[in-house]
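Notes to accompany the following structure.
In this text the structure is predicted, and so the values were computed from the model without any measurement. All ligand and atom numbering here is 1-based and tracks the order in the structure.
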Amino acid sequence: MLVLGIESSCDETAAAVVDASRPIEKRILSNVVFSQWDAVRKYGGVVPEVAARAHVEKIDPVTVQALAEAGVSVADLDGIAATTGPGLIGGVIVGSSYAKALALGAQKPFLSINHLEGHALTPRLVDDVPFPYLLLLVSGGHCQTLLVRGVGDYQRIGTTIDDAIGEAFDKTAKMMGLEMPGGPAVERLAARGDDWAVALPVPFKGRPGTDFSFSGLKTAVRRAVESDVSHRPEDVAASFQRVAFESLIDRTSRAVEAADAPLSALVVAGGVAANQVLSAKLQALGQERGLKVVVPPLSLCTDNGAMIAWAGAERLRLGQPEYWHAQLAAAPRPRWPLDPDAPKSSGAGAAKA
Ligand code: KG4
Ligand code: ZN
């Protein structure tokens, strides 16, 4: 079962071909990602119009390359999947319109994929993870725990009431004059610092409930950076990272309890999952809880086309032709929470994933 996946909801233009009928390690036939970080650096952050224009330029060459590397043509595909939200609307329109046109022209099923569902199902692309499992989604726009009960069946357990954790890494990096994206830069610097050198509050530590909060920590870091006491940058980075993850692990541990389901695993997705220190802390939490921990490889933690192709394959496998047909009418959406029944919170279905 061959599916092409297209992702363009933020600053990556990505396309991939996945063959869902192959064994796990041979499923990804190609995974092409064009990242706009150079342009982003020039403007000091994502400028939606600039991002949309770059997607227009890159969507065709990136897709052509993904098909070529996989050694397949559009006629060979069983389905074409694209992110239709949530995300920066310009990019979502570019990618989903392109994919719909391709599907219409080739008479193939089109699958409208929620970007967050792409992240949520990625562990099943790289590992044998049956439902239900607990997902920790940590990226630049999201910070939430979700109970994944099945394809299209998600229950949000906790979410951030203000900033996402990736955003906290990016803002900390910016305050310290580090390069973007901030996460990897902070992780590298932190490796040389003292975790305990700078006193910072652990957000929400010990507080009941499962929600996250990172804006207070951001303010505390700013104070530490701007204070008269001259902290070494590596110590600020290390202390920030320790405190941010202490909070994240505390809240995730509570989510495991709150999930109230026979979990097969604890899985992590989103750009922050690339962090090695976090990965080690999650492994320790898994051991403590007797839970298998799945951390997808780096290239599948950050935004990519393979996760969209895989989510498309999971939906195609369920066999609902009328659904595929109707998907052509799916409108691009800037906001689209995975769990529409979740109580409202500022972090729900935010525009950036
Ligand atoms: O899922 P993702 O690629 O895209 C969106 O958020 O849209 O996640 C990107 C985020 C950024 O905030 C970046 O700083 C963070 O993931 N990130 C990391 C690391 N690598 C990427 N944060 C902490 N440690 C890392 N090694
Ligand atoms: Zn993402």
Do Cys143 and Leu248 pass the side chain to side chain contact (heavy atoms under 4.5 Å, CB included) test, and can you show the C-alpha distance, the side-chain angles, and the key distance before you say yes or no? CA-CA 9 Å; Cys143 188; Leu248 195 75; 3.9 Å; yes
Which ligand 1 atoms are under 4.0 Å away from a heavy-atom of Glu187? 25 (C), 26 (N)
Would you please say whether a donor-acceptor pair under 3.5 Å links the side chains of Gln144 and Asp339? no
Is there an N/O/S atom in His115 that lies less than 2.8 Å from the Zn ion (ligand 2)? yes
Would Gly166 count as a polar contact of ligand 1, with the cut-off being nitrogen or oxygen pairs under 3.5 Å? yes
Could you say whether the N/O atoms of Gly140 and ligand 1 ever approach to under 3.5 Å? yes
So, regarding Glu12 and ligand 1 (criterion: nitrogen or oxygen to nitrogen or oxygen, under 3.5 Å), is there a contact or not? no
List the steps and the verdict of side chain to side chain contact (heavy atoms under 4.5 Å, CB included) for Tyr133 and Leu291. CA-CA 10 Å; Tyr133 54 86; Leu291 267 180; over 6 Å; no
Note: ligand 1 atoms sitting under 4.0 Å from heavy atoms of Asp170 are 11 (C), 12 (O), 13 (C), 14 (O)
Does a side-chain N-to-carboxylate-O contact under 4.0 Å join Arg254 and Asp250? yes
Check: Thr210 side chain, Ile157 main-chain N or O, donor-acceptor pair, under 3.5 Å: yes
Any atoms of ligand 1 less than 4.0 Å from a non-hydrogen atom of Gly141? List them with their elements. 6 (O)
Following the transitive rule for hydrophobic clusters with a side-chain heavy-atom cut-off under 4.5 Å over Ile, Leu, Val, Met, Phe, Trp and Tyr, establish whether Leu146 and Leu116 coincide in one cluster. yes
Can an N or O of Pro181 be found at a distance shorter than 3.5 Å from an N or O of ligand 1? no
Scanning both residues in full, the closest heavy-atom pair of Pro208 with Arg251 reads O-NH2, 3.4 Å
Can a cation-pi geometry be assigned to Lys58 and Phe34, taking NZ or CZ under 6.0 Å from the six-membered ring centre and within 45° of the ring axis? yes
Vertex the Zn ion (ligand 2), rays to NE2 in His119 and OD1 in Asp303 - rounded to 10°: 90°
Heteroatom distance test (Gly270, ligand 1): nitrogen or oxygen, under 3.5 angstrom: no
Checking contacts here: is it the side chain or the backbone of Thr302 that comes within 4.0 Å of ligand 1, counting heavy atoms only? Could be both or neither. both
